[in-house]
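What follows is a short report on a single structure.
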There are 2 protein chains.
Amino acid sequence: MASDVSRHRRASMREVAEKAGVAMSSVSRVMSGHPDVSPAMRSRVLAAVDELGYEPDLLAQSLRRRETLTVGFVVGDISNPLFAEIVMGVESTLHANGYSMLLTNSLGDPAMEAAHIGLLSQRRVDGLVISVLDETHPETVARLRELEIPVVVLDRTVPGIGVSRVLSNHREGMRDAVFHLLDLGHRQIALIVGTGVRPATERHAGFEEAFAVRGLPRTYAIYEDSFSVEHGTRAMREILDAGNATAVIAGGNQLMLGALRVASERGVELGRELSFVGCDDIAITDLYQPPVAVVRRDNVNMGRTAAELFFGRVRDGAAPKDIELPTEFIPRPSCGPVAE
Amino acid sequence: MASDVSRHRRASMREVAEKAGVAMSSVSRVMSGHPDVSPAMRSRVLAAVDELGYEPDLLAQSLRRRETLTVGFVVGDISNPLFAEIVMGVESTLHANGYSMLLTNSLGDPAMEAAHIGLLSQRRVDGLVISVLDETHPETVARLRELEIPVVVLDRTVPGIGVSRVLSNHREGMRDAVFHLLDLGHRQIALIVGTGVRPATERHAGFEEAFAVRGLPRTYAIYEDSFSVEHGTRAMREILDAGNATAVIAGGNQLMLGALRVASERGVELGRELSFVGCDDIAITDLYQPPVAVVRRDNVNMGRTAAELFFGRVRDGAAPKDIELPTEFIPRPSCGPVAE
DNA sequence: GTGAAAGCGCTAACAA
DNA sequence: TTGTTAGCGCTTTCAC
């Protein structure tokens, strides 16, 4: 019966009110579960709602209530499995709380990222989750500062603005990875890493710390550039050509993909000729032969935590805060004793 | 100067009108590029806009104009790299045309998927892109039918409703894969495949067609179940335990991951002991040793095409239509001659 | 070319 | 407990 009518045209609240012979405000109260509603009124209204197949217009609600129940997520590259999993965590937590997610992909372009922030603000999102591409990009930082809504930053350091952050403890995972390699006798270790954002600097720091903690000289080499597959391949080629490193750590999943590609191409036998550690436990790592040791973290949980930080601010009125999540080094056969 | 003020509070169009000493309608005309605006008016208004840091409220615009410039994307599992790439294609095309994307993830649950359709409809999206989980789920089909906006379905057959579709020609890619294996002498070929949705039925059909075209008896085995990693592992174990298949095709990237995991665990040497073909050219396939032959397609382009089909309907007023995109078999060393 | 006024669909005082 | 009223911020007739 309801479907019979609803197929025709969308009913408005006014029509429901007319059909039920009550005021619009009463319909509104019934729909939003207001306590002061008599059972009689309630059923009158619900009957009309059912008959007309009425569904509230969330757009109009948003305009009037001055909240959209919508959060913007600005991601740098959705095709990166790391972000895909974070998106999953964010979306499911938002949805479980009645919120929707506007997703924008900035394709690695900081200017586009800044524009996205502005667009989402104009769309009146109630909050923003973002993994800033460049922590020092002036326009991005300025836009974030001007936002009057809770902002959650993913694993980035954006100085001078009050935002919540979910951070990974890259440093510890990286240190453990290096310790593992040192224990296996490696001293000439190469690190392929990104630059300009927190995961890069933290991994870099953890890497060097490990040598320092052990009181070892700096017999390592660091290949620092973008977080791209290309940098991974380029650096790996240089490392193999130089020929003195006995172990390589790729500090990022795209870097790992690039490095592994070169290893495969050149037929380098990981774990014997060269030890290897990656970051982020994506699908290849335990399928590769030999399985690849990684510094792992729970990406879905990162997303979930980001959404929770948002709710903490918007619902509980809490102040911005940081939450640090652990990383864990997973030894696998791609690491072996240093070859003679 | 502009930023000095805008930091305070969001300015409304009314405030702009007051500051400029003109009517709101004039501000509106300037903002939306209406032709009948004198240069004088234009600059008066823009000066006020700049001074107040005014940015139009897209929410209010949407309510009044009765269009949100927003498209909903209902995805079954965003952590699947296939969908991540499609999302990328959809989002970038939408954004290039001034639209935003509301993304929902239904976690493989048809009931949740149906609910998402309803929610997005209430949010008044102008269109919907969806890769239906279950082509026959009555509630989902009913909801899609009731929608009054353009719907684009990704690689699914949803009977009885007028939607645009972007389809992959799985059949051809699969046939070529089987031909390749047949040419290598394989006859006992196992197919691990999903069920209930177009990619499954098409791959299944293409597989059987290849044998039929060659006039060969049905010396194959088909393992049909969900599109999950688990089905991939389970089926692969059964196939290896049965011990008569000389080649395996996994008809889906998750199925491929499961199957490859078993192959790795058991130390099966692909291309020699057992030939193997996967679907979807995800990151592992050419890193695996040996590199894995696959039936490939352009996922980002699928997303782009979906968005274009939406624009075709909403802008050009075109009727719903289907676009079929090719798939391509990529031979790699995971396929070899049948072992003696 | 510009302004006044009505209203998109809803909510929230306030009054009854 | 219910109804009346005044908007949320914008666009769009319709006069002038």
Side-chain angles (χ1 to χ4, degrees), chain A residues 6 9-46 48-49 52-70 98 119 121-126 148-149, chain B residues 6 9-46 48-49 52-70 98 119 121-126 148-149:
Chain A
S6 69
R9 208 182 42 73
R10 253 202 272 272
S12 72
M13 181 177 280
R14 198 175 44 69
E15 295 172 82
V16 175
E18 278 168 10
K19 166 139 281 175
V22 301
M24 271 182 66
S25 49
S26 293
V27 179
S28 174
R29 279 188 280 256
V30 169
M31 293 309 290
S32 51
H34 191 99
D36 294 353
V37 174
S38 70
M41 172 66 83
R42 164 166 229 80
S43 55
R44 277 181 74 85
V45 168
L46 289 181
V49 163
L52 295 173
Y54 170 70
E55 293 187 323
D57 184 323
L58 262 29
L59 209 59
Q61 256 185 358
S62 297
L63 182 62
R64 184 55 235 240
R65 290 187 172 157
R66 335 210 79 224
E67 69 175 349
T68 55
L69 303 186
T70 290
L119 176 63
S121 159
Q122 281 190 256
R123 288 206 180 274
R124 300 299 181 252
V125 295
D126 295 340
E148 291 157 334
I149 50 173
Chain B
S6 68
R9 211 185 37 74
R10 254 201 272 271
S12 71
M13 182 176 278
R14 197 176 43 70
E15 296 173 84
V16 175
E18 278 168 10
K19 165 137 280 175
V22 302
M24 271 182 65
S25 47
S26 294
V27 179
S28 175
R29 278 187 281 255
V30 170
M31 293 308 291
S32 52
H34 190 101
D36 294 353
V37 173
S38 71
M41 171 67 81
R42 163 167 232 79
S43 54
R44 276 181 75 85
V45 168
L46 290 182
V49 163
L52 295 174
Y54 170 70
E55 294 188 323
D57 184 322
L58 263 30
L59 208 59
Q61 254 184 359
S62 298
L63 182 63
R64 184 56 234 240
R65 289 187 174 158
R66 337 210 75 221
E67 70 175 345
T68 55
L69 303 186
T70 290
L119 175 63
S121 159
Q122 281 191 257
R123 288 206 180 274
R124 301 299 182 251
V125 294
D126 295 340
E148 291 157 334
I149 50 172

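Letters A, B, ... are given to chains in the order of the sequence lines, protein chains preceding strands, and every chain is numbered from 1. In what follows, every heavy atom counts, from backbone to side chain, and hydrogens, waters and symmetry copies are set aside. Quick caveat, the model's predicted, so the values are computed rather than measured.
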Distance in angstrom units between B/Arg10 CZ and D/dC8 P, rounded: 15 Å
Residue pairs, two or more places apart or on separate chains, that pass salt bridge (Lys or Arg N to Asp or Glu O under 4.0 Å) and touch residues 19-43 of chain B: B/Lys19-B/Glu51
Test side chain to side chain contact (heavy atoms under 4.5 Å, CB included) applied to B/Glu18 - qualifying residues, sequence neighbours left out: B/Arg14
Under the side chain to side chain contact (heavy atoms under 4.5 Å, CB included) test, residues paired with A/Ser38 that sit two or more places apart: A/Ala40, A/Met41
Residues from residues 31-40 of chain A lying under 4.0 Å of DNA chain C - heavy atoms: none
For atom CZ of B/Arg29 and atom P of C/dG1, their distance in whole Å: 10 Å
Every protein N/O within reach of nucleotides 8-10 of chain C N/O, cut-off under 3.5 Å:
unit_1 : atom_1 : unit_2  : atom_2 : d
C/dC8  : O3'    : B/Arg66 : NH2    : 2.7
C/dG9  : OP1    : B/Arg66 : NH2    : 2.0
C/dC10 : OP1    : A/Tyr54 : OH     : 2.5
C/dC10 : OP1    : A/Asp57 : N      : 2.9
C/dC10 : OP2    : A/Met13 : N      : 2.4

Check: B/Ser12 main-chain N/O paired with B/Glu15 side-chain donor or acceptor under 3.5 Å: yes
Sugar-phosphate, base or nothing in reach of A/Ser25, heavy atoms under 4.0 Å: base
Within-4.5 Å side-chain heavy-atom neighbours: B/Ser62 and B/Arg124: no
Beyond-backbone contact of A/Thr70 with A/Arg123, side-chain heavy atoms, under 4.5 angstrom: no
Nearest-angstrom distance from the residue atom CD of B/Glu15 to P of D/dC8: 11 Å
Sidechain-backbone polar pair: B/Ser32 side chain, B/Ser28 backbone, donor-acceptor under 3.5 Å: yes
Counterpart residues, side chain to side chain contact (heavy atoms under 4.5 Å, CB included), relative to A/Asp126 (two or more places apart): A/Glu67, A/Thr68, A/Leu69, A/Tyr99, A/Phe310
Under-3.5 Å donor-acceptor pair between B/Arg42 side chain and C/dG1 base: no
